[in-house]
Novice: 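My structure is below; once you've seen it, I'll send some questions.
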There are 2 protein chains.
Amino acid sequence: MAEEVRGRLIDAAGRAFAERGFEGASVRDICSDAGVNVAAINYHFGDKQSLYVACLEQAQCSESRQTLLAAAPSLPPEARLHGFIRGMLAAQGDPDRPRWHHALMLREMAHPTTAAAAVLQRYIRPLAETLREILEQISPGVSGMSHDGWPVGFSVVSQVLFYAVHRPVVRLLMGEAEHDALDVDFLADHITRFSLAALGRGPNIVGPSAAPSAGTRKTVPR
Amino acid sequence: MAEEVRGRLIDAAGRAFAERGFEGASVRDICSDAGVNVAAINYHFGDKQSLYVACLEQAQCSESRQTLLAAAPSLPPEARLHGFIRGMLAAQGDPDRPRWHHALMLREMAHPTTAAAAVLQRYIRPLAETLREILEQISPGVSGMSHDGWPVGFSVVSQVLFYAVHRPVVRLLMGEAEHDALDVDFLADHITRFSLAALGRGPNIVGPSAAPSAGTRKTVPR
DNA sequence: GATTGTTTAAAACAGTCGTTTGATTTTTCG
DNA sequence: CGAAAAATCAAACGACTGTTTTAAACAATC
């Protein structure tokens, strides 16, 4: 029973922190949402801050796994990039995992707290290294570019993160109906094609065929 | 004297809201920072919420001007894109304008409040329309693509917004020294080249020359 | 100089915040 | 079972929140 309360508390707090931020989420709301007494937070975690880092750790553990797995080294590099991008996009709305995991990490990335700088390092670094390796595989020499090729990697991931951070704006600009049509598969295909074209691989983004090249689409594991 | 208090209040509040969010910034901190009495907020603005929208309006007015101006219709389309991107980047760190203007708009875009949906519309829409026009000029047919070409525009602006939203992460990943080398001019050149390459114009991003093509660099007005 | 209306000041308002207390219930285990 | 430990509970703590009040200082007009 004790561990279950801990879990319910982390889940309720994670949702609250992701949605309203650390200051905006009150311990009373969190406890009421989790169906426990207000004193439970201090009993199980010590204080609100420690509960926050507990949420962050849980979000971190589950986050990067599937993205990295989707970019299996055995695949051709274009398919790896597609898997990487699709993995990041899918992590935003994975039904098997609480939605707040991704949103909370995003908040922390935009406005890092002292408690989480180290966690961020462990969470982001392996993803960045994997992407760098994939890009070097696609376009040998990109790692040797100015600033170690970081800007190229940023240009790729920025397109993915955009839809996570600015989805409200996208909805407002495109309208509800059009926005809902931007599902994970479409966006993964678009971002992959855009990035590959920028790297000189694959057709330009404006072409006769709006479908992705066959090799990068179907061979990606779900 | 009355108007000066209003101004000092908006400036102090804008900085506080941009840095710590609406909930995180207390009226006492704001007033102490502005050097006025706590009652001044309610006297001049009514309540904290109205002060917030006053900050948002001020940030909105000064924001989009220079970005749009930098993309003058008389220039060749590639230079217009470069100017648009450079304008957005420069707005992030323009010394002539309070730094909180851009940061506050970003916060509002990521987590919109009810009071600001309309403001967002007026602020973002003209920028989006201008970019769409530039892209159509560069690659005729892009507006007729799936979802009216929105994803292509998003792929461009996302690269710019990335450095505004996730700069702390960039600093952590690259290290302090390397990060500081990513100035406005370098990033504008990189993002423009990456995007043009994706659109099939200009050299690929990984090429013998890391410098931007001549036509797009020098002809951009500052 | 008195009398307006406008702006500032200190103090207090009710309410919420995160946290703690101390008693009570539940669980664990010899 | 019965004692020890763990967990939950309602209630209250002081500090802080946004807001209001009331009085004083200021400015401008007659």
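Per chain, numbering begins at 1; letters A, B, ... match sequence-line order. Please read all numbers here as calculations on a predicted model, not as lab measurements. These values consider heavy atoms only, across backbone and side chains, with no hydrogens, waters or symmetry-generated copies.
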Novice: When you look at CD of B/Gln137, are more than 12 heavy atoms from neighbouring residues, nucleotides or ligands closer to it than 6.0 Å?
Specialist: yes

Novice: Atom NZ of B/Lys48 to atom C1' of C/dT16: distance rounded to whole Å?
Specialist: 13 Å

Novice: Listed by chain and number, what are the side-chain hydrogen bond (donor to acceptor under 3.5 Å, both in side chains) partners of A/Asn42, not counting sequence neighbours?
Specialist: none

Novice: Collect all protein-nucleotide pairs involving nucleotides 20-27 of chain D in which both atoms are nitrogen or oxygen and the distance is under 3.5 Å.
Specialist:
from	atom 1	to	atom 2	distance (Å)
D/dT20	OP2	B/Asn42	ND2	3.1

Novice: Using the test side-chain hydrogen bond (donor to acceptor under 3.5 Å, both in side chains), find all partners of A/Ser158 that sit at least two apart in sequence or belong to another chain.
Specialist: none

Novice: What's the closest nucleotide to the B/Tyr43 side chain, out of C/dT6, D/dG18, C/dG18?
Specialist: C/dT6

Novice: Over how many whole Å does the gap from B/Phe45 atom CZ to C/dT8 atom C1' extend?
Specialist: 15 Å

Novice: Excluding sequence neighbours, so at least two apart, what forms ring-ring contact (aromatic ring centres under 6.0 Å, His included) with A/Tyr43?
Specialist: none

Novice: What residues form a side-chain hydrogen bond (donor to acceptor under 3.5 Å, both in side chains) with A/Tyr52, not counting sequence neighbours?
Specialist: A/Glu108

Novice: State which residues pass side-chain hydrogen bond (donor to acceptor under 3.5 Å, both in side chains) with A/Trp150; sequence neighbours excluded, sorted by chain then number.
Specialist: none

Novice: Under the ring-ring contact (aromatic ring centres under 6.0 Å, His included) test, which residues partner B/His166, sequence neighbours left out?
Specialist: B/Phe162

Novice: CD1 of A/Ile41 versus P of C/dT21: gap in Å, rounded?
Specialist: 17 Å

Novice: Does A/His44 make a side-chain N or O approach to OP1 or OP2 of D/dA6 shorter than 4.0 Å?
Specialist: no

Novice: What residues from residues 13-32 of chain B pass a heavy-atom cutoff of under 4.0 Å to DNA chain D?
Specialist: B/Ala25, B/Ser26, B/Val27, B/Arg28

Novice: Side chains of residues 32-41 of chain A: which donor-acceptor pairs under 3.5 Å do they make with residues two or more places apart or in other chains?
Specialist:
from	atom 1	to	atom 2	distance (Å)
A/Asp33	OD2	A/Arg15	NH1	3.0
A/Asn37	OD1	A/Ala39	N	2.9

